[in-house]
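Predicted, not measured: the structure shown is a model, and the values here were computed from it. Along the sequence shown, residues are numbered consecutively beginning with 1.
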Amino acid sequence: MRLPEPGFLLHLAAAVAVVLLFAHLARALAKLLRQPPVIGEILAGLVTGPVIIAIAGRSGFDVVLPGSVSDGLRVAGQAGLALYLVGVAHHLQLGRSGLPKRAVGWTVGGALLPPLLLGAALGGWLLLAGGPELRGGSSPLALVLMMAVALSVTAVPVLARILTEHSLADTRAGRLSMTTAVIIDGISWLMLGLAIGVAGNGLADAGIALAVLAAGLGLALLSRRLLGTWTPARFPRTTALFLAGIALATATTLEHWGLTGVIGAVLVGLAIPGGDAWAAIVHRVSRVGRALVPVFFVVAGIDVFTRSTPALHAELIVPAVVLAVAGKLGGGLLGARLGGESKPVATTVGVLLNTRGLTELVVLQAGYSAGILSPAVFLALVVMALVTTAMTGPMLLLVRRRELLGAPGSVAAGGVVQ
């Protein structure tokens, strides 16, 4: 096996360092604008490639990021994403929320079914009225499934950060929104795997995808039971390295089976039991991955904007944003109300569930890499993800202001921003 040349390694290390510095500055700018830091990272990553081309031209871009270095960044970004998703999936393990089953059930139904139906309708519109630039060349069923998933996702990691920053984590609205998001995202990951399976050779590959997903989920649940009898506290570093290796190997294996590697990382995260000792191990692995996630954004931008320059289609962006907000915010609010929650709690839950952030971009990139989403649709949905995530903070402040002006005492009851 031929080892990489020192010059290549130095070039790759310098590229990663510049990306991470750029991401740090973008996070700082996002915080100044009172936005989630992930918005700065996404924007910085997506525009890196186009900015280099605009400044240095295509020939300069090839010097700064030649093919071998771009491939190295792609591997680093995918590895970082896989390690980070282990932590995301570990968050999906539900504990005792202390919430009534009726409230959880209705809120999940309200925040899941309307977005799925609206996303499927948007996919149907793309098939019927969208031109070749929008439709792409994938299976119609895969496109409809993908659009349904794209509008139904809530970003659990970003939501958790927002809950902490706004002192909502221990409120009724915070617990209900997080519990709902965990359940919905678990379903969404499975639907994503199905969509990618359908995109291969149709229903035959979909059957294989479902079989692989079912086997992987069963193995994950079995592993969690077995690992629950052993504590890793004595060998934390060794266990973390072993977990990272398993996550990368599983992601690679599922890529080989025609699925996306992110599903493999999610399954590994689900296989890790709860408890402080395991949470510390997962945190070690996820922290390394989180540091490399900006590289993933840069690669996504290079893939989209250097192969072609997709136009911004207002006729798609506007309905995507409107339907996304109606499905999540409206559906979550209505579901919580039907579940017996007060109007302040239901409104806050709807606003929180409208957060998409990093999870949405991962889903979109998986759909784009599988050939389901065209560059133009990918870009339109990225805009939708940024808009819906950016509006969460201001809308929470608006909800708080209305509650303060309307009914003193309902702020604490509704769990609105402190």
Side-chain angles (χ1 to χ4, degrees), residues 33-36 38-39 91-92 94-116 118 151-185 321-357 359-360 384-385 387-418:
L33 298 175
R34 304 188 70 177
Q35 291 294 334
V38 69
I39 289 184
H91 274 295
L92 298 183
L94 281 172
R96 295 180 61 88
S97 65
L99 296 167
K101 292 182 179 180
R102 177 191 173 193
V104 174
W106 276 106
T107 307
V108 169
L112 176 62
L113 296 180
L116 285 177
L118 292 174
L151 264 63
S152 66
V153 165
T154 294
V156 169
V158 178
L159 175 60
R161 185 175 299 180
I162 290 174
L163 291 176
T164 301
E165 291 175 349
H166 291 279
S167 303
L168 289 168
D170 294 326
T171 64
R172 188 177 183 90
R175 287 184 286 118
L176 181 56
S177 62
M178 178 58 74
T179 302
T180 301
V182 164
I183 295 172
I184 290 175
D185 276 16
V321 172
V322 171
L323 293 178
V325 173
K328 273 297 190 185
L329 197 158
L333 190 159
L334 179 60
R337 289 290 283 161
L338 291 174
E341 299 300 318
S342 66
K343 186 176 179 180
V345 170
T347 303
T348 306
V349 168
V351 170
L352 290 168
L353 291 176
N354 196 41
T355 303
R356 287 174 172 85
T359 304
E360 177 73 33
M384 177 273 292
V387 170
T388 54
T389 303
M391 66 190 294
T392 301
M395 290 196 70
L396 283 174
L397 295 176
L398 178 62
V399 170
R400 179 192 183 189
R401 186 174 297 115
R402 292 184 62 183
E403 290 303 315
L404 287 173
L405 293 175
S410 62
V411 176
V416 191
V417 187
Q418 304 296 319

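Using a 4.5 Å cut-off on side-chain heavy atoms (C-beta onward), Val349 and Leu333 make no contact. Side-chain contact between Val153 and Ile184 is absent, with no heavy atoms from C-beta onward closer than 4.5 Å. Inter-residue side-chain proximity for Ile183 and Leu112 is flagged as unmet; no heavy-atom pair is nearer than 4.5 Å. Counting only heavy atoms from C-beta outward, the side chains of Thr388 and Lys328 never approach each other to under 4.5 Å. Side-chain contact between Leu329 and Val351 is present, with heavy atoms from C-beta onward closer than 4.5 Å.
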Go through the steps to decide whether Leu151 and Leu116 satisfy the test side chain to side chain contact (heavy atoms under 4.5 Å, CB included), and finish with yes or no. CA-CA 7 Å; Leu151 264 63; Leu116 285 177; over 6 Å; no
Report the C-alpha distance between Leu159 and Thr392 in whole Å, list the side-chain angles of each, state the deciding distance to 0.1 Å, and finish with yes or no for side chain to side chain contact (heavy atoms under 4.5 Å, CB included). CA-CA 10 Å; Leu159 175 60; Thr392 301; over 6 Å; no
Going by atom type alone, with no hydrogens or angles, which donor-acceptor pairs under 3.5 Å involve a side-chain atom of residues 99-107 and a protein atom two or more places apart or on another chain?
residue : atom : partner : partner atom : Å
Arg102  : NE   : Leu338  : O            : 3.4
Arg102  : NH2  : Leu338  : O            : 3.0
Thr107  : OG1  : Ala103  : O            : 2.6

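Note that CE of Met178 is 9.0 Å distant from CG of Leu352, once rounded to the nearest 0.5 Å. With rounding to the nearest 0.5 angstrom, the CE atom of Met384 is 9.5 Å from the CG atom of Leu323. Interatomic distance, CD1 of Ile39 versus CG of Leu33, reported as 9.5 Å (0.5 Å rounding). Annotation: the span from Met391 atom CE to Leu396 atom CG amounts to 10.5 Å, rounded to 0.5 Å.
Without hydrogens or angle criteria, Arg175 side chain to Ala173 main chain gives no donor-acceptor distance under 3.5 Å. Looking at Thr154, its side chain never comes within 3.5 Å of a backbone N or O of Arg356 through a donor-acceptor pair. Formation of a donor-acceptor pair under 3.5 Å by the Arg172 side chain with backbone atoms of Leu176 is not found in this model.
Smallest separation of non-hydrogen atoms from Gly110 and Pro115: O-CD, 4.0 Å. Nearest approach of Gly332 to Leu353, heavy atoms of both residues: CA-CD1, 4.3 Å.
For the side-chain contact (heavy atoms from CB on, under 4.5 Å) with Ser177, the qualifying choice from Thr355, Leu163, Ile162 is Leu163, the only one to do so.
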